[in-house]
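Below: the structure, in C-alpha cells.
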Amino acid sequence: MTRETWATRAGFILAAVGSAVGLGNIWRFPWVTAENGGSAFLAVYLGVVLLVGVPGLLGEFVIGRRSGRNPVGALRDLGGSRSWGYVGLFSAVTALVLLSFYSVVGGWILRYAVETGLGLLTGGPAPYFAEPGAYFGGVESGLDAVAYHVLFLALTAGIVVGGVRKGIERATTVMMPAIAVFLVGLALWASTRAGAGEGYAFLLAFDLDTLRANFFDVLGPAAGQALFTLSLGAGTMVTYASYLGEDRSLPFDATTIAVLNTAVGVLAGLVVFPLMFAQGIDPSATGPGPGALFVGLAEAFATLPAGTLIATVFFLVVTLAALSSSISMLEIPVSILVDEAGVSRPVAVGGSVVVLVVTGSVLALRPPLFGVVAGPVVDFLLTAGLTVFLLFVGWVLGREATAEFRNGAGDLAASLADPWRLAVGVALPLFLLFTLLTSLGFSAW
Ligand code: PHE
Ligand code: NA
C-alpha cells in the first residue's frame with residue numbers, strides 16, 4: 001500500500017502550524033507564565049523557541065522526511081535495528097498522555113462554545129470552574145466534562161479517519177485562516193476594553209533583575225512550554241514530515257512554522273491578557289490555575305451587550321485551534337498502527353480513541369492528577385523525547401542528516417547544515433538534559 005503525501009506545498013505548512021497553534025498558545029501559556037513569575041519566564045521561553053525550537057523542528061523533519069515513516073518505523077529503518085523501533089514507541093506513549101488531558105481541556109472549551117452559543121452560559125463560569133484555582137465544581141461537572149471530552153475526541157477522530165489529504169490537510173486549510181482572522185478581530189476588540197493597557201504592560205515588562213534571580217527556576221518550565229507550543233518531542237513533526245515530498249526547504253518551513261506559531265501566541269496574548277486585567281485578574285498573582293482563563297474571560301464577555309456572540313466566537317476559535325492540534329497527536333499512534341501493524345485507518349483511529357476515552361475520563365474526574373499530567377509530566381516527556389530525537393539525528397544519522405537538511409534548501413540555508421548538526425548532536429541535548437535536571441529539583445546547582 002502506498003503511503004499518502006500532502007497534496008499542496010501550503011498543505012504541510014498549514015497542518016504543521018495547525019499542530020503548533022493550539023491550547024498551548026491560548027490556555028496553557030497564560031497560566032504557566034503566571035505560575036513562573038511572568039516576564040522573566042517570557043524572556044527565557046522566547047529564547048528557547050528560537051534557539052532550540054527551530055533547530056529542533058528541523059531535527060524531527062529530517063527524521064520524518066528521510067524515512068517516510070511513523071516515529072517507530074523511522075527510528076528502526078534509519079537506525080538499522082529493531083531496538084531503535086522500540087525507542088520510537090515512546091512517541092506513542094507521549095501522544096496518548098498528551099491527548100488524554102488535551103481532549104479534556106478541548107472538551108471544556110467545546111462546552112463553552114456550545115453552551116454559550118445556545119445562550120445557556122451567560123457569564124456564570126462558577127459551575128464550570130468554581131473559584132480560580134479550584135477548577136472543578138464537583139462530580140456533576142466532572143461527568144459533564146467526561147461527556148464533552150468524548151465529544152471532542154469524536155470530532156478529532158472524525159477528521160483523522162479521513163486520512164492525510166482528505167482529513168487533516170483539508171480541515172487545517174480551512175481552520176487556520178479562520179483562526180487568524182477571528183483572533184485579529186478579537187484582539188482589536190480587546191484593545192478597546194478598560195484595563196487593556198495593563199495587559200500589554202504585563203506582556204512587555206522584561207525585567208533583567210527578575211530574570212537573573214529566577215533563571216534556573218524558570219528554565220525547566222520555559223523549555224517545557226517552548227517544546228509544547230511547537231509540538232516538539234512527541235513525534236508529531238516526524239509524522240507530518242513523513243508525508244512530505246522532496247521539493248521542500250526544511251529550514252524555510254521550520255522557520256515559517258515557528259514564526260507563525262509565535263505570532264499567533266502574541267496575538268492570543270493580546271486577546272487574553274487585556275481581558276484578564278480588564279476583569280481585575282492579575283495573571284502573576286500566585287496560582288491562578290488552569291481555570292482562571294475561563295473564569296476571567298467568561299466574566300469579561302458577560303459584561304457586554306454582544307457578549308454572547310463574542311464569547312461564542314472566541315471559544316469556537318479556541319476549539320478549532322485545539323482540534324488542529326489534537327488531530328496531530330492522534331495521527332502519531334494511528335500512523336504507527338497503520339504502517340507497522342498493518343491495520344486499516346478506521347480501526348487504528350477507533351482503537352486509539354477507546355484508550356483515550358478511558359485515560360481522559362480518569363483525568364477529567366481527578367483534578368489533582370490532571371494538574372500534574374498537564375504540567376510537569378508532559379514537560380518531562382517532551383523534553384526527554386526531543387533529546388532522543390536530536391541525539392539520533394546528530395549521532396546515528398550523522399552525514400545523512402545534513403544531506404537531508406540541504407535537500408531542497410537554498411544556498412544560504414544549506415550552508416547552515418554543519419553548524420546545525422553540531423547543535424542538535426551536542427549543544428541542544430546538553431541544554432535539554434540540564435533543563436530536565438533543574439525541573440527534577442536539582443536547582444541547587
Ligand atoms: N502545540 C500544541 C499546542 O500548543 C500542543 C501539541 C504538543 C501538539 C505536542 C502536538 C504535539 O497546543
Ligand atoms: Na502552540
Side-chain angles (χ1 to χ4, degrees), residues 13-33 45 48-49 52-54 56-57 59-61 64 70-71 90-110 152 156 159-160 168 172 175-176 179 183 221-241 254 257-269 272 290 293 317-336 352 356 373-375 377-386 389:
I13 298 264
L14 285 174
V17 171
S19 170
V21 168
L23 298 174
N25 308 59
I26 303 171
W27 162 79
R28 196 181 194 262
F29 171 67
W31 66 269
V32 175
T33 304
Y45 161 76
V48 181
V49 165
V52 182
V54 176
L57 274 173
E60 290 206 21
F61 287 172
N70 64 85
F90 80 83
S91 276
V93 174
T94 303
L96 292 175
V97 171
L98 266 172
L99 194 46
S100 298
F101 88 84
Y102 206 86
S103 53
V104 170
V105 184
W108 299 348
I109 290 157
L110 185 59
F152 183 85
T156 305
I159 297 173
V160 173
I168 296 171
T172 47
M175 283 152 92
M176 299 323 289
I179 290 171
L183 266 186
Q225 176 63 14
L227 301 195
F228 187 90
T229 195
L230 287 171
S231 309
L232 286 175
T236 273
M237 294 302 184
V238 171
T239 309
Y240 272 14
I257 291 159
V259 167
L260 289 177
N261 179 57
T262 306
V264 173
V266 170
L267 207 51
V272 168
L293 174 67
V317 169
V318 186
T319 304
L320 291 183
L323 269 176
S324 64
S325 296
S326 63
I327 57 179
S328 77
M329 297 176 191
L330 185 56
E331 182 62 21
I332 300 170
V334 167
S335 71
I336 293 174
S352 308
L356 289 161
V373 170
V377 170
V378 160
D379 282 354
F380 178 85
L381 288 173
L382 295 183
T383 311
L386 187 61
F389 283 137

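Numbering of ligands and ligand atoms starts at 1, following listing order.
With ligand atoms numbered from 1 in the order given, ligand 1 contributes 10 (C), 11 (C) to contacts under 4.0 Å with heavy atoms of Thr236. The Thr229 neighbourhood of ligand 1 comprises atoms 1 (N), 4 (O), with distances under 4.0 Å to a heavy atom of that residue. Residue Ala20 has at least one heavy-atom neighbour below 4.0 Å for each of these atoms of ligand 1: 1 (N), 2 (C), 3 (C), 4 (O). With ligand atoms numbered from 1 in the order given, ligand 1 contributes 10 (C) to contacts under 4.0 Å with heavy atoms of Ser328.
Considering backbone and side-chain atoms alike, Val21 places every N or O at 3.5 Å or more from each N or O of ligand 1. At least one N or O atom of Tyr102 sits closer than 3.5 Å to an N or O atom of ligand 1. Note: no N/O pair closer than 3.5 Å links Leu98 and ligand 1 by distance alone.
Contacts with ligand 1 closer than 4.0 Å are made by heavy atoms of both the backbone and the side chain of Ser231. Contacts with ligand 1 closer than 4.0 Å are made by heavy atoms of both the backbone and the side chain of Ser19. Residue contacts with ligand 1, taken as heavy atom pairs separated by less than 4.0 Å, do not involve Leu232 at all.
In this structure, of Glu331, Met237, Met329, the residue bringing a heavy atom nearest to atom 6 (C) of ligand 1 is Met329.
Checked against Leu99 for a side chain to side chain contact (heavy atoms under 4.5 Å, CB included), the options Ser325, Ser326, Pro333 give a single hit: Ser326.
The side chain to side chain contact (heavy atoms under 4.5 Å, CB included) search around Ser324 returns Thr172, Met175, Met176, not counting sequence neighbours.
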Inset, instruction - Might you work through the side chain to side chain contact (heavy atoms under 4.5 Å, CB included) test for Thr156 and Leu323, ending with a clear yes or no? - result: CA-CA 6 Å; Thr156 305; Leu323 269 176; 3.5 Å; yes
